[in-house]
Amino acid sequence: MIKLFKRKKNKNTIQEFIGIETFTKRGLKTKYGELVYFIISPTNISVLSKENIQTKIWHLMQVLSAQPNIEITCIDSCERFDDNKNNMLELHRKECNEKVQKCLSDDVDYLDNIQIEMSTARQFMFSIRFRKEKEEQIFNQINRVEKAISEQGFEVRRATKEDMKRILAIYFEASMQGELIPDVDGGDCIDEEIRKAVA
């Protein structure tokens, strides 16, 4: 008697897990629509007066009221060291050798200094999601959003593919040079095999 077994369904890939399907000419295609990102240059509010800060907040409110479907994202624009620092503090607590404790303490201070230098290194992005809009509607909406942000005094530019790759790499702690990561895993190996076959 022959038993037929159904093949188990393949597990989801990481790409499916995070919901990103591919890059588009404008942004990212996800299972919930296409996302177009706008990068906003941050303002150091620590040097602004209370009145200027209130003005900035007012301008942001104007953007959000003019474009209520905008989504806002704030991420680190560089790697963070919190996990490393916590691990070193734990090792320091358990360590009996004073010289090793001193080395660990110096390392923690070094990470603190780096963190302070990069504490203002934030990346602010506005994004807009398109689901079933036509090309012309998408084009017009993108221009309207960029204009609305710019008119309120924010420095804005549309995120490039390289920007998005870098941001994703930092978010997933894959690399500090995400823009250099190939679009397709192993694509460079396939190209190499094709070159060898042709030669």
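Just so you know, residue 1 is the first one in the sequence shown, and it goes up from there. Any value given below was found using the heavy atoms of this structure, including those in side chains, with hydrogens, waters and symmetry copies removed.
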task: Would you mind checking if E90 and K94 are paired as a salt bridge, meaning a charged N to carboxylate O distance below 4.0 Å?
output: yes
message: Regarding T160 and D163, do their side chains bring together a donor and an acceptor under 3.5 Å, going by distance alone?
response: yes
- prompt: Between L111 and M88, does a side chain to side chain contact (heavy atoms under 4.5 Å, CB included) hold up when you go through it step by step?
  reply: CA-CA 10 Å; L111 290 180; M88 286 179 188; 4.0 Å; yes
Nearest-0.5 Å distance, CD1 of residue I39 to OG of residue S127: 11.5 Å
Nearest-0.5 Å distance, OG1 of residue T73 to CD1 of residue I167: 9.0 Å
field: From CG (L104) to CG (D109), nearest 0.5 Å
entry: 11.0 Å
- request: Test L35 against T24 for side chain to side chain contact (heavy atoms under 4.5 Å, CB included), laying out the working first.
  value: CA-CA 9 Å; L35 282 168; T24 67; over 6 Å; no
- prompt: Going from NE2 on H59 to CD on Q62, what distance comes out if it is rounded to the nearest 0.5 angstrom?
  reply: 7.5 Å
- request: Any chance you could measure R157, atom CZ, to S41, atom OG, to the nearest 0.5 Å?
  value: 7.5 Å
query: Under 4.5 Å between any side-chain heavy atoms of V108 and H92, yes or no?
result: no
query: Is any NZ, NE, NH1 or NH2 atom of the basic residue among E34 and K29 found under 4.0 Å from an Asp or Glu carboxylate oxygen of the other?
result: no
field: Closest non-hydrogen atom pair between P68 and S65, with its separation
entry: CD-O, 3.8 Å
query: Residues sharing F124's hydrophobic cluster, by side-chain heavy-atom contacts under 4.5 Å among ILVMFWY, directly or via others?
result: V36, F38, I40, L60, V63, L64, I70, I72, F126, I128, F130, I138, I142, V145, I149, F154, V156
- request: Could you walk me through whether R166 and E162 pass salt bridge (charged side-chain N to carboxylate O under 4.0 Å, His left out), step by step?
  value: CA-CA 6 Å; R166 182 179 49 78; E162 287 69 30; over 6 Å; no
- prompt: If you round to the nearest 0.5 Å, how far is SG of C96 from CD of Q101?
  reply: 7.5 Å
message: Donor-acceptor pair, distance only, cut-off 3.5 Å: does the side chain of Q67 make one with the backbone of A148?
response: no
query: Donor-acceptor pair, S150 side chain versus E146 backbone, under 3.5 Å?
result: no
field: Under the side-chain hydrogen bond (donor to acceptor under 3.5 Å, both in side chains) test, residues paired with K102 that sit two or more places apart
entry: D106
task: Sequence neighbours left out, what pairs pass side-chain hydrogen bond (donor to acceptor under 3.5 Å, both in side chains) with at least one residue falling in residues 131-140?
output: R26-E135
task: Check whether any side-chain heavy atom of M61 lies under 4.5 Å from a side-chain heavy atom of I57, and answer yes or no.
output: yes
Steps toward salt bridge (charged side-chain N to carboxylate O under 4.0 Å, His left out) verdict (E21, K31): CA-CA 7 Å; E21 294 176 9; K31 59 184 176 181; over 6 Å; no
